[in-house]
> 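This is the structure I have questions about; it appears just below.
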2 protein chains.
Amino acid sequence: MDANPKIRMTKQRQVILEELCKVTSHPTADEMYQVIRKRLPKISLGTVYRNLEILSELGMVLKLDVGGTQKRFDGNVVNHYHVRCTDCGCVGDLHMPTDLEIEQKAQPLTDFQIKRHSLEFIGVCPECREAKSRRVS
Amino acid sequence: MDANPKIRMTKQRQVILEELCKVTSHPTADEMYQVIRKRLPKISLGTVYRNLEILSELGMVLKLDVGGTQKRFDGNVVNHYHVRCTDCGCVGDLHMPTDLEIEQKAQPLTDFQIKRHSLEFIGVCPECREAKSRRVS
DNA sequence: ATTATCATTAGTAATTATTATCCATTATCA
DNA sequence: TGATAATGGATAATAATTACTAATGATAAT
Ligand SMILES: [Mn+2]
Ligand SMILES: [Mn+2]
Ligand SMILES: [Zn+2]
Ligand SMILES: [Zn+2]
């Protein structure tokens with residue numbers, strides 16, 4: 001691969017980007033694959049992975065390294081925080097102003113050169129909370 | 001497995017706990033395996049995984065879900081934050097008071113029921129920074 | 001227009017991290 | 001002591017992701 005290959009906006013890449021930007025559910029690569037198959041039945045899972053990777057390197061989508069076993073993707077590239085459900089693993093947005101001050105507070109406490117931070121809230125989503133309360137009643 | 005099995009502090013489990021508490025490097029399961037083999041050459045990787053899991057369920061060690069592909073473990077169970085190096089993946093401690101207030105601030109902004117939060121700083125460790133500066137000079 | 005070059009694809013194989021299974025061994029308890 | 005249960009080591013299986021490959025389609029050069 002060239003150092004600066006010419007990026008082509010193929011049909012596959014375009015549909016992946018479109019579908020990701022449509023949702024706020026922070027889908028996994030596999031969830032993206034299931035959705036995109038409906039529009040492009042011949043697409044392969046590898047293509048979904050490859051393009052999500054490329055789009056994230058281009059800064060057009062975010063690759064979220066939240067807890068759990070799978071990476072998740074976000075069409076909203078504006079800095080924001082997330083909440084993850086301990087029960088079902090779903091991820092929601094949490095739009096509070098990202099606190100850059102905290103990096104300045106942390107910097108004197110480490111010999112690492114801090115570049116950014118990642119804050120994830122962990123809790124229970126409304127659906128799982130509801131499911132729980134039904135179980136006890 | 002019983003709901004409340006009697007936990008035995010076997011030699012293997014004890015050595016795993018000891019070696020983890022010795023270091024502040026937040027080793028992966030495999031890194032633990034390499035260290036422990038020196039004391040228990042017959043131990044298997046599965047045993048290391050199994051016991052790290054059990055010890056973390058008992059609250060005796062922490063299983064860290066930091067970025068990167070592998071889970072990391074921490075013998076220090078007191079709540080604290082971490083810094084991860086983007087270049088080598090190493091993880092350091094960042095002892096600043098954990099901010100419980102931030103959960104209260106976040107709660108009104110989501111319909112998730114927030115239980116806790118995980119804050120990870122991302123940057124470059126001293127070794128990698130040094131390696132970089134050597135490369136340009 | 002024709003050809004050469006290059007990026008991309010679908011399909012598949014390989015890799016990586018982790019978990020599960022199985023049987024032998026060891027500890028605990030009646 | 002003998003039954004029961006926990007555990008270990010070895011190995012197989014799983015899950016997520018990445019790598020490889022040959023074919024295809026777009027772009028650029030002649
Ligand atoms: Mn988001
Ligand atoms: Mn730590
Ligand atoms: Zn949930
Ligand atoms: Zn480093």
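Below, chains carry the letters A, B, ... as their sequence lines are ordered, and counting in each starts from 1. Nothing here was measured: the structure is a model prediction, and the numbers come from that model.
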> Output the single nucleotide from D:dA16, C:dT8, D:dG8 whose closest atom is nearest the side chain of A:R13.
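Nearest nucleotide to the side chain: C:dT8.
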> Can you tell me the base-pairing partner of D:dA6? Count Watson-Crick or G-U wobble geometry only, both distances below 3.5 Å, and say none if there is no partner.
C:dT25
> Partner of C:dA30 by Watson-Crick or G-U wobble geometry, both contacts under 3.5 Å, or none?
D:dT1
> Separation of B:Q12 atom CD from D:dA10 atom C1', in whole Å?
14 Å
> Is the distance from the ring center of A:H117 to that of A:Y81 below 6.0 Å?
yes
> With nearest nucleotide decided by heavy atoms, which residue, A:R72 or B:R8, maps closer to the 5′ end of DNA chain D?
B:R8
> For A:E120, enumerate each residue passing the side chain to side chain donor-acceptor pair (under 3.5 Å) test, keeping only those at least two apart in sequence or located in another chain.
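Checked A:E120 against side chain to side chain donor-acceptor pair (under 3.5 Å); matches are A:R84.
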> Hey, what's the ring geometry for B:H80 with B:H26, parallel, tilted or perpendicular (30° and 60° as the breaks)?
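Tilted, since the angle between the ring planes falls between 30° and 60°.
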> Name the residue from A:I54, A:L55, A:V77, A:L20 that meets the side-chain contact (heavy atoms from CB on, under 4.5 Å) definition with A:M60.
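Testing A:M60 for a side-chain contact (heavy atoms from CB on, under 4.5 Å) against A:I54, A:L55, A:V77, A:L20 leaves exactly one candidate, A:L55.
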> Calculate the interatomic distance between A:D65 atom CG and C:dA17 atom C1'; express it in whole Å.
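Those two atoms, CG and C1', are 14 Å apart.
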> In this structure, how many angstroms lie between the C1' atom of C:dA17 and the CZ atom of B:F73, rounded?
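To the nearest whole Å, that distance equals 11 Å.
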> Can you check the B:D30 CG to C:dT19 P distance for me, whole Å?
14 Å
> Just distance, no hydrogens or angles: give the donor-acceptor pairs under 3.5 Å from side chains in residues 9-17 of chain A, sequence neighbours left out.
| from | atom 1 | to | atom 2 | distance (Å) |
| --- | --- | --- | --- | --- |
| A:T10 | OG1 | A:R13 | N | 3.2 |
| A:R13 | NE | A:N51 | OD1 | 2.5 |
| A:R13 | NH1 | A:R8 | O | 2.9 |
| A:R13 | NH2 | A:N51 | OD1 | 3.0 |
| A:Q14 | NE2 | A:E18 | OE2 | 3.2 |

> Would one find a side-chain N or O of A:T10 under 4.0 angstrom from OP1 or OP2 of C:dA7?
no
> Could you state the atom-to-atom distance from NZ of B:K71 to C1' of D:dA16 in whole Å?
11 Å
> Without decimals, in angstroms, what is the distance between A:I54 CD1 and D:dA19 P?
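Taking atom P of D:dA19 as the reference, CD1 of A:I54 is at 12 Å.
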> Kindly indicate whether the side chain of B:D87, heavy atoms from C-beta on, has any atom under 4.5 Å from the side chain of B:C125.
no
> From OH of A:Y33 over to P of D:dA16, roughly how many Å is that when rounded to an integer?
14 Å
> Just by modelled atom types, is the A:E53 backbone N or O under 3.5 Å from a matching donor or acceptor in the A:S56 side chain?
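Present.
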> CE of A:M9 versus P of C:dT9: gap in Å, rounded?
10 Å
> Kindly state which residues belonging to residues 34-52 of chain A come within less than 4.0 angstrom of DNA chain C, counting heavy atoms of the residue only, listed by number.
A:K42, A:I43, A:S44, A:T47, A:R50, A:N51
